[in-house]
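Worksheet: the structure to be examined is printed underneath.
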Amino acid sequence: MTAPFAPGAAIAIAVADGVGAALLADDVSMVVDAADVSTVLADIERAVAPRWIWWSTDTARTLVSTGFRPARCWDLDAVHRLLVGGWRGGPGRIWAQRQGVDTIDLPRTAEPDLFSLPGHDDHTAPVRPDGHLDPAWVEGLWRFDTEHLRTWASLALDVHHWQAAELERLSQRPAAISTARSESAAALLCAELETDGLPIDIAGAERIIASFIGPRPRDAAEEQQFAGERDQLVLEHLPGPPGDLDLRNPATVKSLLRRVGIEVPDTRAWRLERLRDQDPIVDALLTWRRAERIATTFGYRWLDQHVGPDGRLRGQWSASDGAAGRMTATAGLHNMPVELRPAVAAGADHVFVRADLGQIEPRILAAVSSDDALAAATWEDDMYAPVAERLGVTRDIAKVAVLGAMYGQTTGHGAVALRGLESAYPVAMAYLDNAARLAEGGNDLRTRGGRLVRMSSNEQLDESGDAPGRAARSRAAARGRYGRNAMVQGAAAEFFKTWAATVRARVTPIGATIVLCLHDELLVHCHSDDAAAVSSVVTDGLQEAGHRWSVGVAASVRFVADTSVIERWSEAK
DNA sequence: TGCGGCTATTG
DNA sequence: CACAATAGCCGCAG
């Protein structure tokens with residue numbers, strides 16, 4: 001059975017569990033039985049190395065679960081989010097965008113009721129007369145035949161052509177097409193991350209948790225008892241009757257502190273930290289907070305819910321969430337306390353190759369703004385050193401100033417150095433100011449990779465008839481900071497995904513897998529014997545991504561990564 | 001029961 | 001304590 005597709009063809013694929021798959025290129029179509037999906041796709045992959053086109057990452061999840069991991073893809077949902085911004089997607093919205101019809105009030109299917117007969121309805125056409133997709137037709141796909149899947153694939157192919165043409169029209173054209181591909185690859189990677197999970201040493205994790213909150217409680221009553229005992233370690237410092245105080249209530253904590261003569265506007269840890277000497281109860285409270293955090297969020301329940309019997313921590317991954325399109329993950333994969341990192345451990349005979357990008361945001365700023373002077377600073381391993389020298393300030397001040405410029409800070413220690421930045425790096429600073437000014441005025445922005453950052457219909461803060469008062473100015477300033485930062489953070493996210501996609505492609509033949517993406521950090525799990533090879537891939541992949549990033553940029557920017565081979569995540573510096 | 005406020009953690 | 005995110009618990013409104 002030879003695949004009739006042309007080398008490198010764009011092949012739309014629609015799959016349904018138990019039904020099979022329909023494959024469609026411009027001039028070729030094919031239907032595959034459910035049982036043969038993974039083998040047939042693997043054959044085609046080997047023969048013609050196509051780019052697979054699908055409606056949503058759910059297709060990627062289906063393929064990964066059948067054992068087929070495509071090399072290249074185009075995820076209509078991922079590209080849609082790139083084109084129109086935000087996190088919303090789905091076939092109905094994607095199709096409406098392609099048709100140029102209203103996307104505010106999309107048709108929905110009626111709630112299923114006793115009168116609608118499953119498997120038998122009148123919906124025979126996918127597109128309604130008003131141009132919208134018929135949601136009932138789409139939702140019924142899974143129980144239809146391969147002929148319907150073929151229709152679904154042909155619509156995907158149509159949207160793919162349209163999206164590619166739209167990207168061509170953008171002023172960021174070359175970057176946007178390449179971003180569409182890496183965003184798609186990142187979505188596929190998300191499906192793999194969900195399947196593979198992060199290797200965890202369960203016994204080690206339990207020991208760490210126990211060191212904070214004691215042994216695993218046998219039942220709810222014991223859990224409550226242990227919690228009460230932890231509370232007591234704080235309350236016993238109080239003069240007078242302990243009463244029935246709830247340490248989880250900030251207002252209670254504030255009045256509790258008042259009883260020992262401490263007055264604070266809020267009870268955040270960084271504020272209490274400076275008051276440790278004032279009264280022993282402060283230290284007890286901070287220790288209690290730490291334990292409480294482990295108990296509620298990263299305790300035994302977390303372990304039981306998210307770590308499988310195979311010792312893998314699994315969460316849901318999104319390839320582009322939020323304003324800037326960073327990757328996000330649930331199950332604590334992105335905010336695990338450092339104390340728990342020793343429990344992230346490679347399997348037997350395996351290691352992690354860990355790499356994190358150094359000073360990624362200022363380097364990205366140099367690239368997207370084409371600031372020659374700032375780009376020159378990126379030639380150094382520590383780019384804040386030359387910046388500090390040029391500004392005549394310490395390295396720490398220089399760092400705070402650069403970060404402050406990207407975040408939109410206007411007060412504090414960095415404020416003075418900020419003025420120095422404006423004369424030393426006028427191009428980069430003008431780039432940021434321009435983004436902030438546009439965002440303040442409610443104008444949409446696009447990152448270098450072409451992602452739309454919506455400021456016009458932003459749910460952030462809409463006000464009807466607001467007088468130009470303090471509140472309105474404050475909201476405008478907030479929009480400015482939001483937009484200014486999104487241009488840098490968003491481009492950094494795109495760069496990271498380009499890097500991750502490259503590493504994914506190169507590391508797969510070695511038999512290694514990416515098990516964690518953390519904004520500027522990659523964790524690759526591989527056999528110990530392959531550590532050196534994987535390390536090279538990670539480093540070379542960065543050079544490749546950096547080179548691609550510098551195309552069309554006047555200034556040449558250097559990107560750096562710190563790479564190490566470790567057995568536990570905590571071993572990294 | 002849903003939502004805003006507060007708090008914690010991470011990059 | 002600026003930018004982004006997930007997630008828990010509390011009090012309050014409905």
Side-chain angles (χ1 to χ4, degrees), chain A residues 87 212 227 231 245-254 264-274 285-299 301-302 305-306 313 315-341 344 356-362 364-365 399-415 418 432 435-436 439 447 451 453 459-461 474 477-493 495-496 516-523 569 572:
Chain A
W87 57 270
F212 281 92
D231 291 1
L245 297 175
D246 182 7
L247 295 172
R248 293 152 196 84
N249 185 338
T252 305
V253 173
K254 225 191 279 189
V264 279
D266 62 64
T267 69
R268 288 182 170 85
W270 65 268
R271 204 185 288 282
L272 298 184
E273 201 68 51
R274 306 174 202 164
L285 185 61
L286 288 168
T287 305
W288 177 90
R289 283 253 177 94
R290 199 77 194 161
E292 178 73 2
R293 172 116 180 107
I294 297 289
T296 56
T297 310
F298 291 100
R301 195 173 299 113
W302 168 74
Q305 276 177 3
H306 300 111
L313 170 61
Q316 289 170 328
W317 284 80
S318 164
S320 71
D321 249 347
R326 283 222 241 183
M327 292 176 81
T328 57
T330 64
L333 282 155
H334 274 180
N335 53 358
M336 189 188 301
V338 285
E339 292 94 329
L340 277 162
R341 290 188 179 196
V344 178
D356 77 306
L357 301 171
Q359 307 166 341
I360 185 59
E361 292 193 340
I364 286 289
L365 172 61
K399 178 179 175 177
V400 168
V402 171
L403 292 175
M406 291 187 295
Y407 292 157
Q409 186 187 29
T410 53
T411 57
H413 292 91
L418 211 56
L432 291 171
T447 62
R451 179 174 302 281
V453 179
E459 310 93 45
Q460 297 284 97
L461 278 170
S474 156
R479 280 199 302 274
R481 290 195 300 272
Y482 180 92
R484 166 196 294 259
N485 183 249
M487 296 296 277
V488 178
Q489 192 188 101
F495 179 85
F496 175 82
L516 188 71
C517 294
L518 192 44
H519 309 314
D520 64 353
E521 179 174 356
L522 274 176
L523 208 56
W569 197 14

### Closest non-hydrogen atom pair, Ala493(A) against Gly325(A)
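Of all heavy-atom pairs spanning Ala493(A) and Gly325(A), the closest is CB-O, 3.7 Å.
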
## Note on the structure
Under a 4.0 Å heavy-atom cutoff, the residues of residues 329-336 of chain A touching DNA chain C are Ala329(A), Thr330(A), Ala331(A), Asn335(A)

### Message
Glu292(A) vs Phe212(A), test: side-chain contact (heavy atoms from CB on, under 4.5 Å). Steps then yes/no.
### Response
CA-CA 9 Å; Glu292(A) 178 73 2; Phe212(A) 281 92; over 6 Å; no

### Message
Donor-acceptor check, side chain of Lys254(A) to backbone of Pro265(A), threshold 3.5 angstrom: yes or no?
### Response
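Side chain of Lys254(A) to backbone of Pro265(A), a donor-acceptor pair under 3.5 Å: yes, one is there.
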
#### Entry: N/O donor-acceptor pair under 3.5 Å between His334(A) side chain and Cys517(A) backbone
yes

### Task
Check step by step if side-chain hydrogen bond (donor to acceptor under 3.5 Å, both in side chains) holds for Arg289(A) and Thr267(A).
CA-CA 11 Å; Arg289(A) 283 253 177 94; Thr267(A) 69; 2.9 Å; yes

Nearest-Å distance, [atom1] ([X]) to [atom2] ([N])?
X: Phe212(A); N: dA8(B); atom1: CZ; atom2: C1'; result: 13 Å
X: Leu247(A); N: dA8(B); atom1: CG; atom2: P; result: 13 Å
X: Met406(A); N: dC3(C); atom1: CE; atom2: P; result: 13 Å
X: Leu272(A); N: dA8(B); atom1: CG; atom2: C1'; result: 13 Å
X: Arg479(A); N: dA4(C); atom1: CZ; atom2: P; result: 14 Å
X: Asp321(A); N: dA7(C); atom1: CG; atom2: P; result: 11 Å
X: Leu403(A); N: dC1(C); atom1: CG; atom2: P; result: 16 Å
X: Glu273(A); N: dA8(B); atom1: CD; atom2: P; result: 10 Å

If you only use heavy atoms from C-beta on, which nucleotide in [options] is closest to the side chain of [X]?
X: Gln489(A); options: dC3(C), dT7(B), dA8(B); answer: dC3(C)
X: Arg341(A); options: dT6(C), dA4(C), dG11(B); answer: dG11(B)
X: Arg268(A); options: dG11(B), dT7(B), dA4(C); answer: dT7(B)
X: Thr328(A); options: dA5(C), dA2(C), dT10(B); answer: dA5(C)

### Query
Hey, are the side chains of Arg293(A) and Trp288(A) touching, using non-hydrogen atoms and a 4.5 Å cut-off?
no

### Message
For a 4.5 angstrom cut-off between non-hydrogen side-chain atoms, does Met336(A) reach Leu313(A)?
### Response
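Yes - at least one pair of side-chain heavy atoms lies under 4.5 Å apart.
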
Checking all strands, does [X] fall into the base, sugar-phosphate, or nothing category for heavy-atom contacts under 4.0 angstrom?
X: Asp266(A); answer: sugar-phosphate
X: Arg289(A); answer: sugar-phosphate
X: Ala269(A); answer: sugar-phosphate
X: Val488(A); answer: nothing

### Task
Salt-bridge test for Arg326(A) and Asp321(A): reply yes if a basic N is under 4.0 Å from a carboxylate O, no otherwise.
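Answer for the salt bridge query: no.
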
### Message
Test side-chain contact (heavy atoms from CB on, under 4.5 Å) on Met487(A) and Ile364(A); report intermediate values, then the result.
### Response
CA-CA 10 Å; Met487(A) 296 296 277; Ile364(A) 286 289; over 6 Å; no

### Task
Determine the interplanar angle of the His306(A) and Trp302(A) rings, folded into 0 to 90°, and report it as parallel if under 30°, tilted if 30 to 60°, perpendicular if over 60°.
tilted

Identify all pairs in which a protein N or O lies below 3.5 Å from an N or O of nucleotides 8-11 of chain C, and state each distance.
{"residue": "dC10(C)", "atom": "O3'", "partner": "Asn249(A)", "partner atom": "ND2", "Å": "3.4"}
{"residue": "dG11(C)", "atom": "OP1", "partner": "Asn249(A)", "partner atom": "ND2", "Å": "2.8"}

## Note on the structure
Closest to the 5' end of DNA chain C, once Ala323(A) and Gly408(A) are matched to their nearest nucleotides, is Gly408(A)

### N/O (side chain, Arg481(A)) to phosphate O (OP1/OP2, dA2(C)) under 4.0 Å
no

